[in-house]
Amino acid sequence: MRILVVGAGAVGGYFGGRLLEKGGDVTFLVRERRKRELEEHGLVIHSVHGDAVLKPKLMVTGEPSEPFDVVIFSSKAYHLAGAIADAKPYIGQETMILPLLNGMAHMDTLWETFGRRNVLGGLCFIETTLNEKGEIVQTSSAHDVRFGEWSGERTERTEALESLFAGANARFRLSERIAADMWNKYLFIATMSGVTTLFRAPIGPIRSGEYGGAIIDRLLGEIKEIMQAHGAPLTDEMAERQRIQLEQIAPTMKSSMQRDMEKGQLIEADHLQGYLLLLAKRYGIQAPLLETVYHNLKIYEASRAAGE
């Protein structure tokens, strides 16, 4: 199977690199500047799971190619429209599309663009970034991808993907409940990023304050109510597990959105919290704490735009 990874950033570069490392037929669709960088230095991975220096196949948009069997999207949500436009010429009727973005709003976009049949469910768990040299630095014990049919069925094509991914130096797992997996992660990400960006602090000081635990629980409860009203396969038991995880994660933990704000970078406010508020309005749900979180994020975005 021929795999196209759209971009070669921290996430796509890592998982695509691990597939390339095991001998997969992997091509990266990149911008000219990134192409020159990778041609000169290679795709460099520094990881707690083992380092690698790889020589990947590279393409820029507009180069001719037959459709690929698998196309992996792993960009931030605010780059998705551009990534779709770049990749569209290389997606055929039988191409499997595997998104590794946070949240759920991107699924609507991908379904509308490519149809439900082509788009798998997918998510990843990883802490990774690019350093100033464009090298991938991966620091977490988790380096996991889950994927599967939205229906939960095990199909011939997803089992073929399972075989294709087997043996890579990362954990690729075929899930029979990918929709629940994605909503479950969304609940955690939206809550964690919400409180850490609101208070500009790691989770520990937030939890230990007099009102911190109650604020975290209230935000998680608002988000859970919205998701369940929308029909998400998210049970009270699943939500309780996420609440417990927020109590137990390392006190120094920051959300990736908080780290992006500290660097003055773009954030996924509309894709994560904003999308949830659209659903809240649709179902007549009051979510005052989520509105506060979102308002804080929009103030940051306005300040950032004014400073550019």
Side-chain angles (χ1 to χ4, degrees), residues 76-78 80 101-109 111-112 121 123 150 177-249 253-261 266-305:
K76 292 288 191 178
Y78 41 77
L80 181 61
L101 289 76
N102 289 324
M104 295 297 298
H106 62 281
M107 296 300 294
D108 294 333
T109 302
W111 285 331
E112 290 168 6
L123 72 157
W150 199 249
R177 39 165 283 169
I178 194 64
D181 290 340
M182 292 173 67
W183 282 105
N184 201 32
K185 183 186 178 186
Y186 190 8
L187 175 63
F188 178 85
I189 290 289
T191 305
M192 175 70 174
S193 65
V195 294
T196 55
T197 55
L198 183 62
F199 294 108
R200 303 292 204 276
I203 193 68
I206 300 169
R207 282 190 312 224
S208 62
E210 181 179 358
Y211 305 106
I215 290 170
I216 293 169
D217 290 352
R218 196 177 310 144
L219 180 60
L220 186 140
E222 289 181 3
I223 295 171
K224 180 191 77 168
E225 182 182 2
I226 293 165
M227 290 180 172
Q228 290 179 333
H230 188 56
L234 179 74
T235 66
D236 290 346
E237 181 184 358
M238 292 163 64
E240 176 63 13
R241 287 200 296 269
Q242 296 305 320
R243 189 193 67 78
I244 292 171
Q245 185 178 357
L246 284 162
E247 286 183 349
Q248 295 177 344
I249 56 176
M253 185 73 71
K254 296 180 178 182
S255 65
S256 59
M257 185 183 286
Q258 180 189 358
R259 291 194 297 268
D260 288 341
M261 289 174 68
L266 293 169
I267 58 173
E268 297 179 302
D270 290 325
H271 184 71
L272 295 179
Q273 286 81 9
Y275 181 72
L276 289 168
L277 285 173
L278 289 175
L279 296 180
K281 290 178 183 177
R282 182 185 302 177
Y283 301 112
I285 295 171
Q286 298 299 311
L289 188 50
L290 182 59
E291 289 173 354
T292 303
V293 165
Y294 181 68
H295 188 59
N296 173 61
L297 297 174
K298 299 307 284 185
I299 290 173
Y300 164 78
E301 288 185 336
S303 175
R304 180 185 178 278

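Values below: all heavy atoms of this structure, side chains included; hydrogens, waters and symmetry mates excluded.
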Would you call Met182 and Trp150 a side-chain contact if the rule is heavy atoms closer than 4.5 Å?
yes

Is there a side-chain contact (heavy atoms from CB on, under 4.5 Å) between Leu297 and Val293? Walk through the geometry before answering.
CA-CA 6 Å; Leu297 297 174; Val293 165; 4.2 Å; yes

Would you say that Leu276 contacts Met227 through its side chain, given a criterion of any heavy-atom pair below 4.5 Å between the two side chains?
yes

Assess whether a salt bridge exists between Arg241 and Glu237, defined as any Lys/Arg side-chain N lying under 4.0 Å from an Asp/Glu carboxylate O.
yes

What pair of heavy atoms forms the shortest contact from Pro233 to Ala180, and how long is it?
O-CB, 3.5 Å

Closest non-hydrogen contact found for Gly103 with His106 is O-CE1, 3.0 Å

Tell me, with the steps shown, if Arg243 and Glu247 meet salt bridge (charged side-chain N to carboxylate O under 4.0 Å, His left out).
CA-CA 7 Å; Arg243 189 193 67 78; Glu247 286 183 349; 2.5 Å; yes

Would you call Ile249 and Gln245 a side-chain contact if the rule is heavy atoms closer than 4.5 Å?
yes

Are the side chain of Ser303 and the backbone of Tyr300 linked by a donor-acceptor contact shorter than 3.5 Å?
no

What closest approach, in Å, do Thr196 and Ser255 show between heavy atoms, and which atom pair accounts for it?
OG1-OG, 2.7 Å

Does any non-hydrogen side-chain atom of Asp270 lie less than 4.5 Å from one of Lys298?
yes

Quick check: do Leu290 and Ile226 have side-chain heavy atoms less than 4.5 Å from each other?
yes

Could you report the tightest heavy-atom contact between Trp183 and Ala232, atom names first, then the distance?
CD2-CB, 3.4 Å

Worked check of side-chain contact (heavy atoms from CB on, under 4.5 Å) between Leu266 and Lys76
CA-CA 9 Å; Leu266 293 169; Lys76 292 288 191 178; over 6 Å; no

Heavy-atom side-chain contact between Gln242 and Thr191 under 4.5 Å
no

Between the side chains of Asp108 and Tyr275, does any donor sit under 3.5 Å from an acceptor?
yes

dist Ser256:OG -> Ile189:CD1 (nearest 0.5 Å) comes out at 6.0 Å

Are Asn184 and Arg177 linked by a side-chain donor-acceptor pair shorter than 3.5 Å?
no

About how many Å separate CG of Leu289 and CG of Leu198, when rounded to the nearest 0.5 Å?
7.0 Å

Under a 3.5 Å distance rule, please check whether His271 uses its side chain to pair with a backbone N or O of Asn102 as donor and acceptor.
yes

Does any part of the side chain of Asp236, heavy atoms only, come nearer than 4.5 Å to the side chain of Gln228, both counted from C-beta?
yes

Measure the spacing between CD1 of Ile223 and CD of Gln273 and express it to the nearest 0.5 Å.
6.5 Å

Going by heavy atoms in the side chains, are Met253 and Pro202 under 4.5 Å from each other?
no

Measure the spacing between CD1 of Ile203 and CD of Gln248 and express it to the nearest 0.5 Å.
12.5 Å

Atom pair NZ/CE of Lys185 and Met238 - distance to nearest 0.5 Å:
14.0 Å

Please report the closest heavy-atom contact between Ala201 and Ile206, naming both atoms and the distance.
O-CD1, 3.5 Å

Ignoring hydrogens and angles, state whether a donor on the side chain of Tyr283 or His230 is under 3.5 Å from an acceptor on the partner side chain.
yes

Compare every heavy atom of Ser193 with every heavy atom of Met257, then report the nearest pair and how far apart it is.
CB-CB, 4.0 Å

Spell out, as yes or no, whether a donor-acceptor pair under 3.5 Å connects the side chain of Arg200 to the backbone of Thr197.
yes

Chi angles and distances behind the side-chain contact (heavy atoms from CB on, under 4.5 Å) call for Leu246, Asp217
CA-CA 9 Å; Leu246 284 162; Asp217 290 352; over 6 Å; no

Separation between CG of Asp260 and CD of Glu268, rounded to the nearest 0.5 Å
8.0 Å

